[in-house]
Number of protein chains: 2
Amino acid sequence: MTETLHNPNPSDLAYVPFVSVDNMMRNVRAIGAETFMRGVADYIEQDFRRWESFDKKPRIPAHAPQGVIELMPASDDEYFGFKYVNGHPGNTRTGMQTVTGFGVLSHMSTGYPVLFTEMTILTALRTAANSALAAKYLAPKNSKTMAIIGNGAQSDFQCLAFKDMLGITDIRAYDIEPAASLRLARNLAHSGLNVTICKTPEDAIEGAEIITTVTADKRYATILTDNMVGSGVHINAIGGDCPGKTELHKDILLRSDIFVELPEQTREEGELQQLDADHPVTELWKVYAGKAEGRTSDTQITLFDSVGFAIEDFSALRYVNDLLPSTGHFEKLDLLADPDDPRDLYGMVLRSDASNGDDRAA
Amino acid sequence: MTETLHNPNPSDLAYVPFVSVDNMMRNVRAIGAETFMRGVADYIEQDFRRWESFDKKPRIPAHAPQGVIELMPASDDEYFGFKYVNGHPGNTRTGMQTVTGFGVLSHMSTGYPVLFTEMTILTALRTAANSALAAKYLAPKNSKTMAIIGNGAQSDFQCLAFKDMLGITDIRAYDIEPAASLRLARNLAHSGLNVTICKTPEDAIEGAEIITTVTADKRYATILTDNMVGSGVHINAIGGDCPGKTELHKDILLRSDIFVELPEQTREEGELQQLDADHPVTELWKVYAGKAEGRTSDTQITLFDSVGFAIEDFSALRYVNDLLPSTGHFEKLDLLADPDDPRDLYGMVLRSDASNGDDRAA
C-alpha cells in the first residue's frame with residue numbers, strides 16, 4: 001500500500017518512502033525471510049567486492065551510563081546510507097528493546113533521501129545474511145549440521161539463512177535457558193530443518209561442521225573451550241559485538257584462521273579483543289572479491305569474527321529500496337519542504353493556511 | 001491530530017512522534033512564527049549557557065561532485081539529537097531544493113527516539129532565532145533599523161525575529177534581483193514592519209544600526225566594502241556557510257570584534273576564512289553565559305559570523321518536542337520493533353500475518 005499522510009498536494013519530490021515495522025514484516029512475508037536474506041546477501045557480496053569504492057567511516061557513538069547510541073554512515077558515488085542504532089541492556093527491565101534501529105538511504109547527486117525504514121528487523125536479516133554468505137566461502141563443503149549456541153532473537157534468522165544458502169539440514173540448539181531453545185524449535189517447526197535441543201554446548205557441537213555462537217552475554221564469557229573444537233569446523237561468532245564481550249576461549253582463536261569485516265573495528269569489539277593488536281586476520285571483502293583465500297584445507301578451523309559493519313546496512317537499505325516497487329509495502333512521508341519558489345519558504349508557511357484549511361482541524 | 005499509520009496494535013513504545021512539513025507549518029501557524037522563534041531562542045540561550053555539558057562533534061560530511069550530505073550530532077546527559085542536511089546548489093535546476101533537512105531527538109537513557117521531524121523549515125527558524133538572540137547581546141541598544149542584504153528564503157525569518165526580539169521597526173532591503181525584495185516586502189506587508197526596497201547596498205545600510213547579510217552567493221564575494229560600514233553597527237553575517245564562500249571585505253573583519261559559534265568550524269566555513277588561523281574571536285556561548293562581554297562601546301563594530309552549529313538544532317528539536325503536546329500537530333510512526341518477547345523477533349514476523357490479515361491487502 002502507499003497511503004500518504006494528510007497533506008494538501010506537495011509535489012512528489014516532497015515525499016520519502018517509509019517502511020514501518022508493520023510494512024517491513026509485510027515485505028518479509030511477501031517474499032519469505034529466506035529469499036529476503038538471500039537477496040540481501042547478494043547485495044552485501046556486490047558491495048564488499050567493491051569495498052575500496054566506499055567512503056568508510058567509523059561508527060559515531062554517544063555514550064550514556066545506560067548504553068550507547070551510534071550513527072553508522074557509509075557512501076559510494078551513487079548512495080549515502082546511515083543507520084541509527086542504540087544498545088541499552090537495561091531497557092528490557094521496562095519492557096523496551098535493548099537494540100532498536102532505523103536507517104536512511106539518499107542519492108549522493110541530490111542529497112534527497114529516497115528511503116526511510118525501520119532497521120531492527122532489517123539488521124537481524126542482514127546479520128544472518130552476511131553470516132551465511134561468509135560461510136559459503138569459509139565452511140566445509142556440503143556442511144549439513146550447524147550447532148547454534150545462544151537461541152535468542154538472532155538465532156532463528158541464522159538457522160534459516162544457513163538452510164537456504166548452505167543447505168544445512170540439521171540444527172543442534174543450546175541455550176543456558178531451555179525455554180529459549182524451545183522457542184527457536186517452535187519457530188522452525190515448519191521450516192524443513194531438523195532441530196535437536198541439546199543440554200550442553202558439548203552436546204550441541206557434536207558432529208557439527210558449523211558452530212554459530214550468538215549469546216547475549218555482556219561479559220567476557222567462554223562459550224566454547226579449546227578442547228571442544230575439532231579441526232575442520234567453521235565458527236560463526238556473532239555474539240561478540242562490543243568491547244568487554246567475547247564468547248570464545250583465546251586458544252581457539254590461536255588455532256583459527258580469522259576473517260573480519262573492518263579489522264580496526266573488530267579488534268575493539270570482536271573476539272579479536274583477546275589477541276595482540278597485530279594478530280594476522282583476513283578481510284572478508286578480499287575473500288568475496290577473490291583477492292584472498294577462504295577455506296584452503298579440510299583440517300583448517302575458520303572463524304568469522306562478526307561485529308557488523310555500516311556497508312552491510314548500506315547493502316540492506318539498497319535491497320529494500322529495490323524491493324519496494326514490487327511489493328508496494330511502504331508509505332510516503334511528507335518530509336521535505338518543497339515550496340513552489342525555493343526562495344519563498346516563509347511564503348509557503350504563510351499561505352499554507354488557505355490550502356490546509358483551519359489548522360485546528362489537524 | 002495524532003493519526004497513526006495502519007498497524008495492528010503495537011505498544012505505544014513502538015511509536016515515534018513525527019512532524020511532517022505540513023504539520024511543521026501547522027505548528028508555526030498555531031503559535032505564530034515570531035513566538036516560535038522566540039521560544040527556540042530561549043532554548044538556544046539555555047543550551048549555549050551550559051555549552052560545556054554537551055558532547056560536541058564536528059559535522060560528519062559525505063561529499064559528492066554535486067554537493068554534500070552532513071550528519072550533525074550533539075548530545076547532553078538527557079538527549080541525543082542529530083540533523084541530516086544536504087547542500088546541492090544544482091538541485092534548483094530540476095525543481096528540487098538546494099537544502100533539505102530532517103532530525104531526530106532521542107533519550108540518552110533508553111536510546112529510543114522521541115521525535116522525528118522535518119528540519120528545512122525548522123532550520124530557517126532556528127537560524128533567525130539565534131541571529132536575533134546574538135543581536136540582543138551585540139547590537140546597539142534601541143536599534144530600530146535593519147538593513148538586509150540578500151532577500152532570499154532566510155530573509156523573512158530574520159526580519160520577523162529581529163522585530164519581535166529587538167524591536168526593529170524598519171527594514172531596508174536590497175537584493176541583486178529586485179523581484180526577491182518585492183517578494184520579501186509582500187510577505188512582510190502585514191507584519192507591522194516598514195519595508196523600504198533599496199537599489200544599492202549603500203542605500204540599504206543608510207541609517208541602519210544592524211546590517212544582516214544573507215546572500216546565497218557561493219563564491220568569495222564582497223557584499224560590503226570597508227568604506228560602507230560606519231562605527232557602532234552590528235553585522236549579522238549569515239550567508240557565509242561553506243568553505244570558499246564569504247560576503248564581507250577582509251578590512252571590515254579587521255575593524256570588528258568577531259563573535260562565533262564553534263571557532264574551529266567558523267574558521268573553515270565563515271567570514272573568518274579570510275583571517276589568520278589565530279585571529280582572536282569570542283565564543284557566543286561565553287557571552288550568553290556572562291563569561292565574556294558582548295558590546296562594550298557605542299563605536300565598536302560587532303560581527304556575528306554565523307555558520308550554524310549542531311547545538312542550535314538540538315535546541316530546536318527540544319523546543320518542538322516540548323511544543324507538540326499543546327498543539328497536537330504531529331503523527332505517530334510505527335518505527336520501533338516491539339515484540340512481546342524481545343527474544344522472539346522472528347516469531348513476531350512469523351505470526352504478524354494473523355494479526356494483520358493477508359499482507360496483499362496492504
Side-chain angles (χ1 to χ4, degrees), chain A residues 1 5 7 13-14 20-22 25-26 28-30 55 60 62 64 66-67 69 71 73 75 80 82 86 88 91-92 96-97 100 102 106 108-112 118 120-121 124 152-153 156-157 180 183 187 329 331 333-338 342-347 349-350 352-353 359 362, chain B residues 1 5 7 13-14 20-22 25-26 28-30 55 60 62 64 66-67 69 71 73 75 80 82 86 88 91-92 96-97 100 102 106 108-112 118 120-121 124 152-153 156-157 180 183 187 329 331 333-338 342-347 349-350 352-353 359 362:
Chain A
M1 48 80 67
L5 306 187
N7 188 278
L13 294 174
S20 65
V21 171
D22 184 40
M25 296 192 291
R26 291 173 188 271
V28 173
R29 292 199 315 275
D55 180 6
I60 299 110
Q66 302 89 340
I69 295 173
L71 298 178
S75 57
F80 170 86
F82 78 90
N86 76 292
H88 289 67
N91 277 5
T92 51
M96 304 173 82
Q97 306 301 310
T100 63
F102 62 87
S106 305
M108 286 293 284
S109 60
T110 64
Y112 270 43
E118 84 81 39
T120 309
I121 296 168
D156 316 51
F157 299 95
R183 181 203 62 77
N187 284 350
H329 295 318
E331 295 147 272
L333 293 189
D334 165 32
L335 182 61
L336 308 177
D338 187 41
R343 288 183 318 201
D344 200 11
L345 195 59
Y346 179 68
V349 177
L350 198 61
S352 58
D353 204 7
D359 65 9
Chain B
M1 49 78 69
L5 306 187
N7 188 281
L13 295 173
S20 65
V21 171
D22 184 42
M25 295 192 292
R26 291 173 188 270
V28 173
R29 292 200 315 275
D55 179 6
I60 299 110
Q66 302 89 341
I69 296 172
L71 298 178
S75 58
F80 171 85
F82 77 90
N86 77 291
H88 288 68
N91 278 4
T92 51
M96 303 171 83
Q97 307 301 312
T100 63
F102 61 88
S106 304
M108 286 293 284
S109 60
T110 64
Y112 270 44
E118 86 80 38
T120 309
I121 297 168
D156 317 51
F157 298 95
R183 181 204 62 77
N187 284 350
H329 295 318
E331 295 148 272
L333 293 189
D334 164 33
L335 182 61
L336 308 176
D338 188 41
R343 288 185 318 202
D344 200 10
L345 195 59
Y346 179 68
V349 177
L350 198 62
S352 58
D353 204 8
D359 64 11

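So you know, we letter chains A, B, ... as the sequences are listed, proteins then strands, and number each from 1.
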Margin query: Shorter than 4.5 Å, heavy atoms on both sides: which option in A:Y112, A:F80, A:F157 has the most such pairs with chain B?
Written below: A:Y112

Notebook entry, point to check: Got a second to check how far A:L71's CG is from B:I60's CD1, nearest 0.5 Å?
Noted result: 6.5 Å

Item checked: Euclidean distance, B:E118 CD relative to A:L333 CG, rounded to 0.5 Å -> 12.5 Å

Check: What heavy-atom pair brings B:D338 and A:Q97 nearest, and what distance separates the two atoms?
Finding: OD1-NE2, 3.2 Å

Check: Heavy-atom distance under 4.5 Å to chain A: side chain of B:T100, backbone, both or neither?
Finding: side chain

Notebook entry, point to check: Using the ring of each side chain (for Trp, its six-membered ring), is B:F82 parallel, tilted or perpendicular to A:F102, with breaks at 30° and 60°?
Noted result: parallel

Item checked: Exercise: identify the closest heavy-atom pair between B:T110 and A:N86 -> O-ND2, 3.0 Å

Next item on the list: Heavy-atom distances under 4.5 Å only: say whether A:L335 touches chain B with side chain, backbone, both or neither.
Entry: both

Next item on the list: Pick whichever of A:T120, A:D55, A:N91, A:V28 has the most heavy-atom pairs under 4.5 Å with chain B.
Entry: A:N91

Next item on the list: Report the option among B:A153, B:P73, B:G67 that has the most heavy-atom pairs separated by less than 4.5 Å from atoms of chain A.
Entry: B:A153

Checklist line | Atom group of B:A62 that falls short of 4.5 Å from chain A, counting heavy atoms | finding: both

Item checked: Contact summary for B:I69 and A:S106, nearest pair of heavy atoms -> CD1-CB, 4.1 Å

Item checked: Under 4.5 Å from any heavy atom of chain A - which part of B:S75 -> side chain

Notebook entry, point to check: Which region of A:A337, side chain (C-beta onward) or backbone (N, CA, C, O), has a non-hydrogen atom less than 4.5 Å from a non-hydrogen atom of chain B, or is it both or neither?
Noted result: both

Item checked: Among A:R343, A:M108, A:Q66, residue most engaged with chain B (heavy-atom pairs, under 4.5 Å) -> A:R343

Check: Between A:A180, A:S109, A:A64, A:A124, which has the largest tally of heavy atom pairs under 4.5 Å with chain B?
Finding: A:S109

Check: Do you know which of B:D156, B:D344, B:L345 has the most heavy-atom pairs under 4.5 Å to chain A?
Finding: B:D344

Item checked: Side chain / backbone / both / neither for A:I121 at chain B, heavy atoms under 4.5 Å -> both

